[in-house]
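Everything below concerns the one structure shown next.
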Amino acid sequence: SIFRTATKTGICLLQDGNQEPFKVRLHLAKDILIIQEQDVICVSGEPFYSGGGAEHNIPVVISKISKEQRAELSGLLFIGDAILQINGINVRKCRHEEVVQVLRNAGEEVTLTVSFLKRAPAFLKLPLNEDCACAPSDQSSGTSSPLCDSGLHLNYHPNNTDTLSCSSWPTSPGLRWEKRWCDLRLIPLLHSRLSQYVPGTDLTRQNAFQVIAVDGVCSGIIQCLSAEESVDWLQAIATNISNLTKHNIKKINRNFPVNQQIVYMGWCEAREQDPLQDRVYSPTFLALRGSCLYKFPAPPVTTWDWTRAEKTFSVYEIMCKVLKDSDLLDRRKHCFTVQSESGEDLYFSVELECDLAQWERAFQTATFLEVERIQCKTYACVLESHLMGLTIDFSTGFICFDAATKAVLWRYKFSQLKGSSDDGKSKIKFLFQNPDTKQIEAKELEFSNLFAVLHCIHSFFAAKVACLDPLFLGNQATASAAASSATTSKAKYTT
């Protein structure tokens with residue numbers, strides 16, 4: 001289905017590390033999530049501006065760098081840098097006015113030694129609370145900010161709360177300060193992943209989630225005011241990630257031949273086989289391309305990356321099952337399992353119902369395309385100590401032949417298979433109906449790769465149904481029911 005790109009702006013709280021949650025503005029665009037915080041910035045004056053000084057018991061700190069000036073173009077200065085030396089002169093303990101004077105007398109070439117202050121001084125921030133009025137240090141409480149403690153006082157203009165005057169810069173009367181939303185973090189959405197869960201667990205955060213960029217940059221925990229608002233944000237972000245992925249797949253597919261086209265790419269969380277207490281789930285990137293399901297630790301970017309998957313599975317020799325609530329192993333919803341060619345069960349969780357539906361459709365499409373492409377598959381088997389071959393042929397059905405002489409022992413159409421059973425190890429008993437006598441004829445064969453054969457039969461049946469039903473790819477339930485009715489098995493997923 002085609003999604004429209006979601007754009008959305010709203011106020012949330014952000015919990016970043018151990019600090020207290022603070023108010024932020026989220027802006028969702030087509031390909032990026034922008035997290036903004038309120039800040040006070042200088043909107044006029046010299047190429048870069050500073051605050052602080054010995055009179056405030058802190059070094060002078062750069063608080064604004066003007067656009068297109070040398071200070072910005074060098075790419076070496078940042079807001080929050082403390083000025084320690086100017087042309088070799090130590091100004092670490094100078095007053096603000098003295099530092100400004102040294103700068104003005106520094107000439108054309110200025111060499112600065114700076115150090116970034118991990119905790120930005122509060123004169124770079126404006127309290128988020130509109131009612132807050134900073135008080136000089138003699139009135140300040142134990143919880144006041146360094147701004148208040150330093151005695152530096154930001155005065156609100158009564159007629160315009162967005163403009164501030166600062167009495168601490170008498171040498172710079174031309175400065176104008178405004179309260180604005182400034183970018184705090186930018187999360188590119190292509191291959192980003194969402195998570196409502198405490199990392200590695202099945203514990204959901206209440207009305208909160210994280211967005212983690214492909215390079216590992218994390219939004220922090222975004223807390224919404226209500227469950228509805230949280231769902232709205234999740235759906236909107238997921239929509240844009242999905243759209244970007246589809247667009248990216250189209251671009252990549254131009255470089256791949258028809259039989260190696262990507263049908264799906266996306267993040268999920270894999271449940272560990274032997275979970276440790278602190279980490280039951282780990283982020284995993286799944287891709288369906290050509291004949292294979294790929295399992296990666298991170299999205300493949302280069303052609304070389306495709307050769308380095310953690311695991312690959314032949315798409316028509318595995319079985320996917322979307323789990324009902326009664327089949328879930330823990331508190332995570334929206335889960336599915338993949339049973340491999342060897343019978344190993346892999347358990348995956350996705351964030352939203354739409355993610356689950358998208359995966360299911362993609363898996364059916366990939367299986368159908370591959371069955372249609374290969375048309376037939378032959379497996380070695382044993383019948384009464386004789387080496388045989390069983391061919392599953394898309395157009396003619398089942399053919400059993402002697403491996404040495406190629407003589408055909410029996411053949412049946414798909415429609416003649418009325419059921420099957422297996423011992424979960426190696427033997428399959430097929431029940432075919434003779435078209436003339438209407439009698440059921442049992443045929444037992446032994447395979448070294450039982451699950452691959454069972455899954456392949458299921459895939460061919462599902463593809464048969466898809467050909468009969470044009471709406472199949474949007475309605476997988478029909479195919480599963482048809483394929484399952486033909487096979488009753490001790491192996492999972494074919495009952």
Side-chain angles (χ1 to χ4, degrees), residues 2-17 22 24-39 67 72 75 78-80 180-197 199 205 208-224 229-255 262 264-269 282-289 294 296-306 308-309 350-352 354-355 358-359 362:
I2 299 167
F3 293 105
R4 287 182 180 175
T5 296
T7 52
K8 189 172 166 61
T9 302
I11 304 294
C12 298
L13 290 176
L14 184 69
Q15 169 92 50
D16 206 5
F22 56 98
V24 292
R25 183 167 74 172
L26 300 188
H27 176 67
L28 176 65
K30 174 185 171 183
D31 57 359
I32 199 163
L33 177 67
I34 302 169
I35 303 172
Q36 299 174 317
E37 63 174 346
Q38 278 190 319
D39 207 343
K67 295 281 182 190
E72 187 204 34
F78 300 94
I79 291 169
R180 288 189 184 173
W181 287 105
C182 299
D183 293 350
L184 174 66
R185 207 158 291 164
L186 306 175
I187 310 285
L189 293 178
L190 178 63
H191 295 328
S192 278
R193 61 185 178 89
L194 289 170
S195 183
Q196 306 164 72
Y197 296 97
R205 298 187 190 278
F209 60 91
Q210 295 184 86
V211 185
I212 300 104
V214 71
D215 62 359
V217 172
C218 180
S219 63
I221 300 160
I222 297 165
Q223 297 178 354
C224 299
E229 198 181 319
S230 181
V231 168
D232 283 352
W233 272 109
L234 283 165
Q235 296 280 10
I237 296 168
T239 294
N240 288 11
I241 291 173
S242 175
N243 285 342
L244 289 167
T245 303
K246 286 173 185 172
H247 180 69
N248 192 43
I249 286 172
K250 274 186 184 174
K251 277 202 308 189
I252 299 171
N253 277 344
R254 290 179 197 146
N255 303 317
I262 300 167
Y264 173 90
M265 290 201 290
W267 282 104
C268 65
E269 299 238 346
S282 299
T284 295
F285 195 83
L286 296 183
L288 290 163
R289 177 183 157 216
Y294 294 81
F296 294 102
V301 177
T302 65
T303 309
W304 171 241
D305 288 341
W306 287 93
R308 297 188 293 170
V350 290
E351 289 293 318
L352 302 168
C354 58
D355 297 333
Q358 196 177 347
W359 158 260

Can you name the closest pair of heavy atoms from [X] and [Y] and give their distance?
X: Pro297; Y: Trp267; result: O-CH2, 3.5 Å
X: Ala298; Y: Phe296; result: O-CB, 3.1 Å
X: Arg185; Y: Asp16; result: NH2-OD2, 2.6 Å
X: Asn240; Y: Ala29; result: ND2-O, 2.8 Å
X: Ile212; Y: Cys218; result: CG1-SG, 4.0 Å

Determine all donor-acceptor pairs shorter than 3.5 Å in which one atom belongs to a side chain in residues 229-238; sequence neighbours excluded.
none

Quick one: does [X]'s side chain get under 4.5 Å of [Y]'s, heavy atoms only?
X: Gln223; Y: Cys12; value: no
X: Met265; Y: Tyr294; value: no
X: Glu351; Y: Arg193; value: no
X: His191; Y: Phe285; value: yes
X: Arg289; Y: Pro300; value: no
X: Lys8; Y: Leu26; value: no
X: Leu288; Y: Trp359; value: yes
X: Leu194; Y: Asp355; value: no

Query raised in the report: Is it true that a side-chain atom of Asp31 and a backbone atom of Leu190 form a donor plus acceptor pair closer than 3.5 Å?
Result: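 No, the answer is negative, given that no donor and acceptor are paired below the 3.5 Å cut-off.
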
Query raised in the report: Sub-3.5 Å donor-acceptor pair from the side chain of Asp305 to the main-chain atoms of Val301, do we have one?
Result: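 Such a contact is found between Asp305 side chain and Val301 backbone.
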
Nearest 0.5 Å, what's the [atom1]-[atom2] distance between [X] and [Y]?
X: Phe22; Y: Leu13; atom1: CZ; atom2: CG; answer: 9.5 Å
X: Lys246; Y: Gln358; atom1: NZ; atom2: CD; answer: 5.5 Å
X: Asn253; Y: Asn248; atom1: CG; atom2: CG; answer: 9.5 Å
X: Gln38; Y: Trp181; atom1: CD; atom2: CH2; answer: 4.0 Å
X: Gln196; Y: Ile221; atom1: CD; atom2: CD1; answer: 13.0 Å
X: Leu184; Y: Gln36; atom1: CG; atom2: CD; answer: 9.0 Å

Would you mind telling me which of [options] makes a side-chain contact (heavy atoms from CB on, under 4.5 Å) with [X]?
X: Ser192; options: Ile187, Leu33, Ile32, Val214; value: Ile187
X: Leu28; options: Thr9, Leu189, Val211; value: Leu189
X: Val24; options: Ile35, Ile11, Ile34; value: Ile35

